[in-house]
Number of protein chains: 2
Amino acid sequence: MKLTSMDISTTASASSIVFDALRKAIIQGQLEEGEPLRQDEIARLFNTSRIPVREAISRLEEQGLVRTQRYKGAVVTELSPKETREIFDLRALVEPEIIKNAVPLMTQELLATAREKCAAFSASKDPMEWGDLNRDFHETLYSASDLTFFKEIARNAIDRVERQIRAQLVMSNGMERAGREHFAIIDACEAGDAKRAAELTRLHIEGAKESLLKHLPGA
Amino acid sequence: MKLTSMDISTTASASSIVFDALRKAIIQGQLEEGEPLRQDEIARLFNTSRIPVREAISRLEEQGLVRTQRYKGAVVTELSPKETREIFDLRALVEPEIIKNAVPLMTQELLATAREKCAAFSASKDPMEWGDLNRDFHETLYSASDLTFFKEIARNAIDRVERQIRAQLVMSNGMERAGREHFAIIDACEAGDAKRAAELTRLHIEGAKESLLKHLPGA
DNA sequence: ATATTGAATATTGGATCCAATTTAGTGTAC
DNA sequence: GTACACTAAATTGGATCCAATATTCAATAT
């Protein structure tokens, strides 16, 4: 008799678990900008040694989410207004291309779930979940695209300004406006108008950038 | 009496040294695509333990230069023609923006050294150094730009297709053509015509992509 | 009071050892 | 000869220990 390969839930490595958890904590703002990451504190938290923690931190550094100095350790990266602007400019360049590529590949199912997420975002009253719902909507649309590297870039760029995005959503009428723009984007996607969806995405990002930078000092 | 700060050569960490060496070996093609990276072999090579090696490898994976499987180790990433095309498309999107931003910031010194490197590239008869000279020229131009994240993206994208770029330079008249295009780009830079320099850069990348994909099977 | 020295503590970087898993190879039955 | 089980070697992931450096803070001199 032959056993099926079972494929036991591929237990992730400790370093991956720590990496994911730290990444999430950083982009959700649970760790403040400039806050140092103490290796053995984190190790105790996850019941591991410092080895996987160090590996996780070095990967976070490679992604730009933390920066480290020899013998001083890692701190959560802080972005200047100028750097924030640059990342939004990068997003405004890359993400429309993803949408343009994605629209012809979107299935009816995907459009349906995207519209659901769009509605869920606009319906939410809890500011704590706005960031996740917003991201969820965009990632659903992007998931139809087969531009893996473009998506990788976008994901990292969004990671780096996730905190600012969350701030932008709660400030003034950021949430209301984002909701309107989301509906416009998905309308264009359903209409199969890739160019329009891309342009609306660009404007969506540029708009967020402007409203954000209005509230920041320089740049 | 006061001593000048001396600034003793900040001895880099072992993991950084290993990382840099491996990265260089990969992009220069000394390590074949798909070739596995054995941790203790590398450790012996650098007279260190496997700890810094593992950190270096995890950073390489974060950059997409290797991919790893749990308990199986890391192998040098292989790119399908489709993926190669996508990375060149990414470059064609991002690098013109860097040049457009850089042109107004270029000093006379920078233009002079860039022209020297441009000439050095075209004058070189040794195919082994074409890749480095080509990269050197482009990085010199990009160095004038203050778009740090754009440059980060470009650097990584170039890393990932560096082997293909080298192949493209030696095939057919790739070298001759690249030389011509380089001179055209730097002419536009010296003329202060940022838009033209950007467009020429885009065409330079698109051209390399086309001539490369002509010699590859699918996509 | 302020600056400076120096020891104690905290923290990171790396080496060595052990555990978990894969891979290679060997033998055996058919 | 081939398929299968089983052992041994190779390889990676992680824990513990030690070394190198930074930070803190008390003691001292000016």
Side-chain angles (χ1 to χ4, degrees), chain A residues 1-23 25-26 31-32 34-63 65-77, chain B residues 1-23 25-26 31-32 34-63 65-77:
Chain A
M1 178 169 181
K2 219 176 157 72
L3 290 180
T4 55
S5 69
M6 282 298 280
D7 209 357
I8 289 293
S9 64
T10 316
T11 40
S13 66
S15 61
S16 298
I17 293 174
V18 175
F19 173 77
D20 290 339
L22 287 181
R23 171 176 167 273
I26 292 173
L31 292 168
E32 295 290 326
E35 186 166 341
L37 302 177
R38 294 299 165 207
Q39 292 179 5
D40 59 0
E41 180 185 350
I42 296 167
R44 273 196 305 275
L45 218 60
F46 290 93
N47 281 319
T48 67
S49 76
R50 282 167 40 224
I51 299 290
V53 174
R54 280 167 52 181
E55 196 172 314
I57 288 178
S58 83
R59 280 160 67 185
L60 288 171
E61 179 173 30
E62 212 55 51
Q63 294 215 341
L65 295 180
V66 308
R67 59 194 163 76
T68 69
Q69 256 188 309
R70 190 170 161 86
Y71 293 117
K72 289 204 181 166
V75 298
V76 178
T77 303
Chain B
M1 177 168 181
K2 222 176 156 73
L3 289 178
T4 55
S5 70
M6 281 296 281
D7 207 0
I8 289 296
S9 65
T10 314
T11 41
S13 65
S15 62
S16 297
I17 293 173
V18 175
F19 172 78
D20 290 340
L22 288 180
R23 171 177 166 273
I26 292 173
L31 292 168
E32 293 291 327
E35 185 166 343
L37 302 178
R38 296 297 165 207
Q39 292 179 5
D40 60 359
E41 181 184 349
I42 297 166
R44 273 197 303 276
L45 218 60
F46 290 92
N47 281 319
T48 67
S49 77
R50 282 166 41 225
I51 299 290
V53 174
R54 281 167 53 182
E55 196 173 314
I57 288 178
S58 83
R59 280 160 69 184
L60 289 171
E61 179 173 30
E62 210 56 50
Q63 294 214 341
L65 295 180
V66 308
R67 61 192 162 76
T68 69
Q69 257 186 309
R70 190 168 161 84
Y71 293 116
K72 291 201 179 167
V75 299
V76 178
T77 303

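Numbered from 1 within each chain, the chains take letters A, B, ... in sequence-line order. In this text, all values refer to a predicted model and were calculated from it rather than measured experimentally.
Side chains of B/Arg70 and A/Ser16 form no contact here, defined as non-hydrogen atoms less than 4.5 Å apart. Residues B/Leu60 and B/Arg23 are in side-chain contact: their nearest non-hydrogen atoms beyond the backbone lie under 4.5 Å apart.
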If you restrict it to nitrogen or oxygen atoms, what contacts under 3.5 Å exist between nucleotides 21-25 of chain D and the protein, and what is each distance?
none

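Nucleic acid contact class of B/Ser15 (heavy atoms, under 4.0 Å, all strands): sugar-phosphate only.
Within residues 41-62 of chain B, the residues approaching DNA chain D are B/Arg50, B/Ile51, B/Arg54, by heavy-atom distance under 4.0 Å.
Atom CG of B/Leu22 sits about 10.0 Å away from atom CG of B/Leu65, to the nearest 0.5 Å. With rounding to the nearest 0.5 angstrom, the CZ atom of A/Arg44 is 10.5 Å from the CD1 atom of A/Ile42. Distance CD1/B/Ile57 to CD/B/Glu61: 9.5 Å, rounded to 0.5 Å. In this structure, OG1 on A/Thr77 lies 7.5 Å from CD1 on A/Ile26, to the nearest 0.5 angstrom.
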Given the rule in the side-chain hydrogen bond (donor to acceptor under 3.5 Å, both in side chains) test, do B/Glu55 and A/Ser58 qualify, once you have shown the distances and angles that lead to the verdict? CA-CA 7 Å; B/Glu55 196 173 314; A/Ser58 83; 4.5 Å; no
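Distance, A/Gln39 CD to D/dA20 C1': 14 Å, rounded to whole Å. In this structure, B/Gln69 places its CD atom 11 Å from C1' of C/dT22, rounding to the nearest Å. In this structure, B/Asp40 atom CG and D/dG13 atom C1' are separated by 14 Å, rounded to whole Å.
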Considering only distance and modelled atom types, tabulate donor-acceptor pairs under 3.5 Å from the side chains of residues 45-54 of chain B, sequence neighbours left out.
unit_1  : atom_1 : unit_2  : atom_2 : d
B/Ser49 : OG     : B/Ile51 : N      : 3.3
B/Arg50 : NE     : B/Gln39 : OE1    : 3.1
B/Arg50 : NH2    : B/Gln39 : OE1    : 3.3

